[in-house]
Protein chains: 2
Amino acid sequence: MYNNRREQIRSMLQTKAYVTFKELSELFPDVSEMTIRRDIEHLEREHVAIRVRGGARSMRFITNQVDDSITSRQQKNVESKEAIVEKAAKYLEPGRSIFLDSGSTLQKIVKYIPNERFSFTTTDPSLALGLCKIGLPMVNLVGGRLDGNNQTVTGIHAMRFLGDINIDIAFLSPSGFSARSGFTVGNYSEGEIKRIVVSKARLVVMLMDESKFDKSLPYTFADAADADIIITNRPLPADMNGIIEKNNITVTIVDDTI
Amino acid sequence: MYNNRREQIRSMLQTKAYVTFKELSELFPDVSEMTIRRDIEHLEREHVAIRVRGGARSMRFITNQVDDSITSRQQKNVESKEAIVEKAAKYLEPGRSIFLDSGSTLQKIVKYIPNERFSFTTTDPSLALGLCKIGLPMVNLVGGRLDGNNQTVTGIHAMRFLGDINIDIAFLSPSGFSARSGFTVGNYSEGEIKRIVVSKARLVVMLMDESKFDKSLPYTFADAADADIIITNRPLPADMNGIIEKNNITVTIVDDTI
DNA sequence: ACAAAAAATGTTAAATTCGAACACTTTATG
DNA sequence: CATAAAGTGTTCGAATTTAACATTTTTTGT
């Protein structure tokens, strides 16, 4: 009964990331190793496993790994970002028009959004889809040229689009913040968009973890004076105190210990 | 400079599902095969590829396959849709402005897109992200109010956005097609968008599997006369022949047997 | 700028794994 | 019940891999 054997291997691969032909052969002593090989071929066709030298790797574990590496390995300070957006969600005001920036930080806010009537606008397609999934009725996705690396839309269309939209509260995630350069990002087109958002928003909330401090990237999209609230996970460097006080910025420091 | 070589291999794996050590060795004659092997080891650690006997498989293609098999189980006529979009990809013309409709059908076109310079515009955020992933430089995402059920944008913003864009070839997937009602969809806002696309496109290509025949949904967004090409998997019902001929529509029937 | 450490690379030969071919058995199918 | 299709076993030459050690290049700390 090949059937049963294959199913057993299949279910092994639900909990084991890797099996060798050798161990499977020992597990099923009444069939030859060649048969095991052929079983794995079948499972490979069904995308249950991938055949590698000496055995097979479970597809489930492979995709999990990929997810992990997308969501966390390449991303730094995941816990900090989580804590920051959790706090940011407290600033959401029902009925208001709220802008959410592109990027890994704001993407995490979805699960902290209370069940109320918000009107969201975002430049991040993944985030927009996430917001829809939790049943929010009013999700505006800014259109434009899509930049795959940054998961954001840019360009003239995006700018025009934003021109038509009113924003009460904007949540932005700069790539850098320094006393000299203010809030910065790595490229012009992204900065261009954020600049418009800042100019249109009544309340500007900047979200950033400590890795952004004293960093200055090529394009400044806002000065310290433009920010109303900064949410972060560590006290800002001392040399920024003057700027913060002068511009009357509220700095909220969250606890990111797990 | 190992750095550049690895990046080259990395980017090869964006468009190639599988590379062999042998071909890589020939591509980089000044390093030994052992070095290539070690490059792949690195890429494996970064989850870019999986090492298999003789070479490596691109992680992106692996996960795509999985996604396909997960979503396909619930979807109907997957094979037909695959065959249809594969054929549709033949109508893509490099350098043209191409519109791709929202929906599960067109979402499948990503892997059939040849490696050339296209300019795509779409109303489907997932599709847009997919197009970016394969490295297309020019992906326009139409903005607007996002309808999570249909994974599409609608509303006044989307309409205005489309107003600014020129379309050479439009690929659309109607929900129904009948002699009496023409091409139809289930809701007004979706139809509104498609109607604009049809009016702006030089060439209109309709993609639909047999399940759409003789179906008439609430909103008509195009008459038979608006279509230039229909790609489907079965001959249209006989009573449509008159309409097809009168409007000089090219009907292409694909083979969807696996 | 220098030395030490770390990373990258090359070469070899032995060990392992693979695959193709053919024969045979069991299970489906009309 | 006959035929086709799928599953299985065995063998051995071919291809691939690994390990180990030597050498070079790059990075890093002081």
Side-chain angles (χ1 to χ4, degrees), chain A residues 1-14 16-59 61-62 65 69 73-74 76-77 210-211 213-215, chain B residues 1-14 16-59 61-62 65 69 72-73 79 255-258:
Chain A
M1 221 65 107
Y2 82 91
N3 224 17
N4 181 47
R5 189 186 55 249
R6 276 192 204 159
E7 291 316 308
Q8 272 186 262
I9 297 175
R10 189 198 302 275
S11 79
M12 280 178 72
L13 288 167
Q14 301 299 303
K16 263 173 89 81
Y18 175 63
V19 289
T20 63
F21 294 130
K22 194 168 282 175
E23 70 177 285
L24 290 176
S25 272
E26 285 162 16
L27 206 66
F28 302 102
D30 39 350
V31 296
S32 71
E33 190 182 316
M34 197 65 210
T35 298
I36 301 288
R37 292 189 124 71
R38 286 162 177 151
D39 285 340
I40 295 292
E41 264 179 45
H42 278 269
L43 294 176
E44 184 165 33
R45 255 178 240 133
E46 297 172 38
H47 305 302
V48 173
I50 282 200
R51 206 174 163 317
V52 295
R53 182 183 163 90
R57 294 182 54 184
S58 161
M59 189 60 92
F61 283 79
I62 291 171
Q65 275 181 344
S69 66
R73 216 164 307 232
Q74 289 163 353
K76 298 161 193 165
N77 305 332
E210 56 186 316
S211 69
F213 297 167
D214 274 331
K215 232 181 215 163
Chain B
M1 222 63 115
Y2 80 92
N3 224 16
N4 180 49
R5 189 185 56 249
R6 277 193 203 157
E7 292 317 308
Q8 273 185 264
I9 298 175
R10 188 198 303 274
S11 79
M12 279 178 74
L13 289 166
Q14 303 299 300
K16 263 173 91 82
Y18 175 62
V19 288
T20 63
F21 294 130
K22 194 167 284 176
E23 70 179 286
L24 289 176
S25 272
E26 285 163 15
L27 205 64
F28 302 101
D30 39 349
V31 296
S32 70
E33 189 184 316
M34 197 64 213
T35 298
I36 301 289
R37 293 191 122 72
R38 296 198 258 238
D39 284 340
I40 295 293
E41 265 179 41
H42 277 267
L43 293 176
E44 183 165 33
R45 255 176 242 135
E46 297 172 37
H47 305 303
V48 173
I50 281 201
R51 206 174 161 319
V52 295
R53 184 184 162 89
R57 293 182 54 184
S58 162
M59 187 61 91
F61 283 80
I62 292 169
Q65 276 180 343
S69 63
S72 71
R73 230 161 295 234
E79 293 81 12
D255 178 9
D256 59 357
T257 53
I258 325 167

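Computed from a predicted structure; not experimentally measured.
Sorted by first then second residue, the salt bridge (charged side-chain N to carboxylate O under 4.0 Å, His left out) pairs that include residues 17-36 of chain B, not counting sequence neighbours, are B:K16-B:E23, B:E33-B:R37.
B:R6 has its CZ atom 13 Å from the C1' atom of D:dT25, to the nearest Å. Remark: P of C:dT9 and CD1 of B:I40 are 13 Å apart, rounded to the nearest angstrom. Rounding to whole angstrom units, CZ of residue A:R5 and P of C:dT27 are separated by 12 Å. Summarising the geometry, the separation between NE2 on A:H42 and P on D:dA6 is reported as 9 Å, rounded to the nearest angstrom. One interatomic measurement links the two molecules: CD of A:E44 to P of C:dG19, which rounds to 10 Å at whole-angstrom precision.
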Dump every N/O contact between nucleotides 9-15 of chain D and the protein below 3.5 Å, one line per pair.
unit_1 : atom_1 : unit_2 : atom_2 : d
D:dG9  : OP1    : A:D30  : O      : 3.1
D:dG9  : OP1    : A:S32  : N      : 3.4
D:dG9  : OP2    : A:S32  : N      : 2.7
D:dG9  : OP2    : A:S32  : OG     : 2.9
D:dG9  : OP2    : A:T35  : OG1    : 2.3
D:dG9  : N7     : A:R38  : NH1    : 3.0
D:dG9  : O6     : A:R38  : NH2    : 2.8

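For C:dT17, neither phosphate oxygen OP1 nor OP2 lies less than 4.0 angstrom from any side-chain nitrogen or oxygen of A:R51.
With a 4.5 Å cut-off on side-chain heavy atoms, B:I50 and B:E44 count as touching. Residues B:T35 and B:F28 are not in side-chain contact: their nearest non-hydrogen atoms beyond the backbone lie 4.5 Å or more apart. At a threshold of 4.5 Å between non-hydrogen side-chain atoms, the residues A:L43 and A:R51 do not count as touching. At least one side-chain heavy atom of A:L24 sits under 4.5 Å from a side-chain heavy atom of A:I40.
B:R10 meets the salt bridge (charged side-chain N to carboxylate O under 4.0 Å, His left out) test with B:E7, B:E46; sequence neighbours excluded.
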